[in-house]
Amino acid sequence: MELGYKERSYFVKLVAFFGGLALLITVVYLSPMGEHLSAENALRAAAKTPDNWISFFVFLIIFTLGSWVLFPLTLTSVLTVIVFPFWKATLCSLLGVALSATFSYLVGRYFLNVAEMPRFKKHVDFVRKEVERLSFWAIGALRLAPQPPFIATSVIAGSLKLSFPQYLLASLLGLGPMIALGLILGSRAMSLLKEPSVITACAMGAALILIPLFLIAKKKVLKSKQVSHS
């Protein structure tokens with residue numbers, strides 16, 4: 001099956017995107033910069049960072065772009081509470097998470113928008129309609145994991161043109177527990193997250209939240225199917 005111009009262009013962008021991302025991560029972690037991205041060095045740097053609005057906006061940039069080089073959002077939240085008073089750290093974390101989720105979503109929507117390819121549009125529309133029924137719960141569930149596939153989830157949501165308000169709300173709610181853990185416990189949160197018992201507790205807590213959410217979502221889907229058939 002011969003691909004049209006738009007299909008070829010899309011696959012070129014896809015290869016360029018993932019190749020560029022892999023190259024960026026490799027360069028960052030193999031360069032001297034990679035040493036500063038470790039949790040210990042980041043915590044030491046945060047202890048020397050002044051509490052001012054320039055630092056606040058620098059942290060927003062770190063939130064927005066850090067996930068693209070696998071720098072955890074939870075660690076960034078921990079750093080904010082070391083630098084700023086609690087109210088400013090909370091504000092910075094909420095804005096930073098929203099900016100990070102928005103930026104990644106927009107990359108998927110406008111750079112990797114598979115829905116724009118005529119040959120796949122019908123299939124993408126079908127997948128999007130099916131996914132949108134559970135998109136809020138699915139995104140929230142993926143965000144609840146201690147180490148969520150943040151970029152993948154965001155880019156896929158954008159490329160499928162899922163509802164942005166639902167996506168952003170689900171992202172904030174799903175990431176909330178881990179961000180709150182980082183804000184409340186500060187630097188202790190990172191050492192706790194290295195303990196298997198804490199990871200297990202987080203997983204169990206996520207399961208206790210996800211099971212009721214799954215049952216609610218399933219009930220909504222069944223109800224919508226009944227309405228559509230009636």
Side-chain angles (χ1 to χ4, degrees), residues 21 24-25 28-105 139-154 168-210:
L21 183 59
L24 173 64
I25 293 171
V28 166
Y29 282 94
L30 291 181
S31 69
M33 186 187 302
E35 298 177 2
H36 299 287
L37 294 178
S38 67
E40 292 76 12
N41 288 334
L43 290 170
R44 280 196 290 268
K48 302 175 184 177
T49 303
D51 172 12
N52 55 42
W53 288 105
I54 294 176
S55 299
F56 186 91
F57 287 109
V58 168
F59 267 105
L60 291 183
I61 295 172
I62 294 172
F63 267 110
T64 304
L65 302 178
S67 295
W68 289 84
V69 291
L70 306 180
F71 195 74
L73 292 173
T74 305
L75 175 55
T76 312
S77 293
V78 169
L79 300 180
T80 63
V81 84
I82 292 173
V83 176
F84 307 121
F86 187 78
W87 71 269
K88 191 188 280 190
T90 303
L91 177 63
C92 185
S93 294
L94 288 174
L95 289 176
V97 169
L99 284 172
S100 180
T102 300
F103 177 73
S104 302
Y105 176 92
I139 291 169
L142 288 170
R143 301 303 199 209
L144 276 169
Q147 292 294 333
F150 188 86
I151 296 299
T153 304
S154 304
L168 185 59
L169 180 59
S171 296
L172 291 173
L173 290 176
L175 285 166
M178 296 302 294
I179 298 300
L181 179 68
L183 288 170
I184 294 169
L185 297 180
S187 58
R188 289 175 294 172
M190 299 313 299
S191 58
L192 282 173
L193 287 175
K194 293 177 183 178
E195 295 292 332
S197 58
V198 176
I199 296 294
T200 303
C202 289
M204 289 178 66
L208 290 174
I209 295 172
L210 292 177

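Here the structure is a predicted model, which means the values were calculated and not measured. These numbers come from the heavy atoms of this one structure, side chains and all, not from hydrogens, waters or symmetry mates.
- Applying the side-chain hydrogen bond (donor to acceptor under 3.5 Å, both in side chains) rule to pairs touching residues 52-62 yields Asn52-Ser55, sequence neighbours excluded.
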Original post:
Does the side chain to side chain contact (heavy atoms under 4.5 Å, CB included) test come out yes or no for Trp68 and Ser104, once each step is laid out?
Top reply: CA-CA 9 Å; Trp68 289 84; Ser104 302; 3.3 Å; yes

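- The minimum heavy-atom distance linking Phe84 with Ala89 is given by the pair CB-N, 3.9 Å.
- With Thr90 contributing its side chain and Phe86 its backbone, the two residues share a donor-acceptor pair below 3.5 Å.
- Side-chain contact between Phe103 and Ser154 is absent, with no heavy-atom pair separated by less than 4.5 Å.
- Of all the heavy atoms in Leu60 and Thr64, the pair that sits closest is O-OG1, 2.7 Å.
- Contacts of Leu168 classified as side-chain contact (heavy atoms from CB on, under 4.5 Å), with partners at least two apart in sequence or in another chain: Ala98, Ala101, Thr102, Phe164, Leu172.
- Between Leu95 and Leu91, the closest side-chain pair of non-hydrogen atoms falls below 4.5 Å.
- Counting only heavy atoms from C-beta outward, the side chains of Ser77 and Phe63 approach each other to under 4.5 Å.
- The closest side-chain heavy-atom distance from Leu183 to Thr80 is below 4.5 Å.
- Under the 4.5 Å side-chain criterion, counting only non-hydrogen atoms from C-beta, Pro85 is in contact with Asp51.
- Between atom OG1 of residue Thr76 and atom CZ of residue Phe71 there is a gap of 4.5 Å, rounded to the nearest 0.5 Å.
- The CD1 atom of Ile62 sits 12.0 Å away from the OG atom of Ser100 when rounded to the nearest 0.5 Å.
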Under 3.5 Å, which donor-acceptor pairs link side chains of residues 42-50 to any protein atom two or more places apart or in another chain?
| unit_1 | atom_1 | unit_2 | atom_2 | d |
| --- | --- | --- | --- | --- |
| Arg44 | NH2 | Asn41 | OD1 | 2.2 |
| Thr49 | OG1 | Ala45 | O | 2.8 |

